[in-house]
Amino acid sequence: MTSMSTPSYSPGLAGVIAGESAICWVDPNAGLLYRGYDIHELAGHSSFEQVAWLLLHGELPSREELDGFRHRLSMERDLPPPVLAMLRSLPPDTHPMDALRTGVSMLSAFDPDLNDPSHEANLRKAARVIAKVSTIITSGWRACRGLDPVPPKLNTRHAANFLLTLTGQLPDAEHAGILDVVLVLYADHEFNASTFSARVTASTMSDLYAAVTTGIATLKGPLHGGANEESMHVLEEIGAVANVEDWVKERLARKEKIMGFGHRVYKTGDSRVPVMRELGRRLESRSGSPRLIPICEKLEEVMQREKNLCANVDLYAAVVLRLLGIPAALNPSIFALSRVTGWCAHIIEQQDHNRLIRPRSLYVGVPRRSTMPVHAAASQTLHCGGAALTPYLGADSVQVDDSMYRRSVRRSRSVRRGRRRAELGRGGTLRGKVCPSEWHRSLRAGQLLPAGAALLAGLYQPICSSRLHRDRWLCFARFCRDAGTWRASLRSAATENSGDWRREDQV
Ligand code: COA
């Protein structure tokens with residue numbers, strides 16, 4: 001490896017600022033702003049369409065803009081017939097998120113603006129995809145159950161239209177209003193995993209559908225959007241408040257994660273939980289037999305005590321969606337129904353000020369190594385100072401394996417500490433002074449065959465790459481030169497050692 005300084009590394013990119021955005025601010029102390037507006041105010045006063053416009057355009061819409069946007073969304077809800085046919089062709093047990101991902105990907109082929117990344121074209125595509133995502137979810141769900149799609153209703157609000165096209169019945173106004181608030185709460189959350197992955201795709205200047213498809217694929221995972229489906233399974237499995245304590249302790253003892261708890265950014269509580277919890281309480285109190293909310297509250301108490309972890313939005317969203325009559329398998333799709341607005345806003349922002357997102361990785365793999373032609377060493381016996389080294393090479397392959405390299409690194413450390421005996425593993429022991437000059441002598445005397453020389457050069461390379469006295473380096477260079485088959489190794493060692501390949505010529 002070269003000796004360049006290592007950039008700082010944060011596992012899982014925790015705490016890393018990966019870009020600038022003017023869309024959303026997550027306050028680790030349980031706060032959330034969309035374009036500067038507090039989520040609690042928006043949940044109380046604004047519809048999903050107003051919030052979608054706000055995210056996309058930066059300001060809340062005027063009355064005219066809002067009417068126009070609502071009309072636009074309701075005009076864009078129909079799906080191209082081939083997309084409907086594709087949904088009908090899926091196996092009945094297809095997960096709704098898989099149907100949605102495939103549907104959005106397929107939609108791209110029908111959009112005349114597909115390859116125009118301008119701001120205006122991206123806004124047009126955003127309106128189309130936001131509208132159509134709703135229809136893909138509901139039509140896909142129905143198609144998998146052998147039901148015909150319910151045609152979207154013109155000039156119906158997004159949440160109400162979703163429930164209508166899911167069930168075939170006009171929803172109760174309170175239910176539609178509550179789903180509307182759920183959509184507001186889920187609409188954006190800065191660089192969460194799905195938004196970030198959508199931005200990565202957008203940063204290659206791929207199209208908006210490709211980036212939204214990426215977002216859906218990322219959202220599906222149970223550590224992200226899939227958590228609201230898993231949370232419902234948790235609540236069903238627990239079944240009653242009396243079971244919570246033992247259930248949690250058992251899971252924690254097995255080091256399992258409890259879905260609906262914990263968050264990468266919030267450590268003192270999720271800003272969306274109080275509103276979502278309140279919606280759940282409201283709905284459950286109407287049912288006359290509160291069951292799920294008390295389980296959640298007990299879970300919160302136990303998780304706080306046992307792990308100092310707070311509930312996240314997905315725990316209570318699971319309850320709210322269940323009480324709205326939505327099957328748990330659709331929970332992540334409801335998340336997508338809303339978050340698609342955030343994705344689109346971020347994709348547009350990314351492409352308006354684009355710079356390719358391309359971080360580095362910290363390499364922890366096998367150090368540099370080389371292969372030799374198979375014929376050079378197959379079934380050859382290697383000797384060095386009388387010790388047989390054959391076991392390193394298989395009968396039909398001479399590729400140096402990982403374990404050899406690990407040994408070689410161990411060995412290089414011991415060499416640096418001045419040890420004179422090198423353990424080469426698997427029975428092969430090289431005794432005496434570990435020095436290329438000795439190998440060189442063996443090579444010249446015909447005791448060390450070229451394949452063995454190549455092997456030793458590979459083993460020696462980590463030492464060359466770190467710190468080597470000039471004389472020792474020249475010795476190694478001569479050895480490699482006479483080994484003949486190992487110029488590549490010598491070149492890389494020279495480059496890493498001093499950046500000066502010409503040293504080989506001085507040999
Ligand atoms: N249940 C049990 N323990 C949890 C936990 C959970 N839901 N979430 C985190 N922890 C524990 C971890 O095991 C770890 O414990 P340890 O230090 O004893 O090993 C500690 O809390 C820190 O967790 P970590 O995995 O570093 O947090 P993270 O920031 O990497 O992960 C989540 C954040 C969201 C992925 C994680 O909390 C999680 O998996 N939650 C469940 C899934 C979920 O609800 N996702 C929706 C998020 S909105």
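Indexing begins at 1, ligand by ligand and atom by atom, following the structure's order. Only heavy atoms go into these numbers, but all of them, side chains included; no hydrogens, no water, no symmetry mates. When a residue number appears, it is its place in the shown sequence, counting from 1.
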Region of [X] engaging ligand 1 - heavy atom pairs below 4.0 Å:
X	answer
Asp270	neither
Lys307	side chain
Leu223	both

* To do: Under the ring-ring contact (aromatic ring centres under 6.0 Å, His included) rule, collect the residues that match up with Phe196, sequence neighbours excluded.
  =>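 Once residues adjacent in sequence are excluded, the partners of Phe196 under the ring-ring contact (aromatic ring centres under 6.0 Å, His included) criterion are Phe191.
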* To do: Not counting sequence neighbours, which residues clear side-chain contact (heavy atoms from CB on, under 4.5 Å) with Glu256? List them please.
  => Arg251, Arg254
* Asked: For Arg272 and ligand 1, does the shortest N/O to N/O distance drop below 3.5 Å?
  ->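 The answer is no, given that Arg272 and ligand 1 share no N or O pair closer than 3.5 Å.
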* Report yes if Leu252 has an N/O atom closer than 3.5 Å to an N/O atom of ligand 1; otherwise report no. => no
* Quick one: does Gly260 get within less than 4.0 Å of ligand 1, heavy atoms only? -> yes
* With a 4.0 Å cut-off on heavy atoms, is Glu230 touching ligand 1? -> no
* Under 4.0 angstrom from atom 20 (C) of ligand 1, is there any protein heavy atom? ->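 Neighbour list for atom 20 (C) of ligand 1 is empty of protein heavy atoms (cut-off 4.0 Å).
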* To do: Take the angle between the ring planes of Trp53 and Phe69 and call it parallel below 30°, perpendicular above 60°, tilted in between.
  => perpendicular
* **Heavy atom of the protein closest to atom 13 (O) of ligand 1 (residue, atom name, distance)** =>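 Looking only at protein heavy atoms, the one closest to atom 13 (O) of ligand 1 is Lys257 CE, 4.2 Å.
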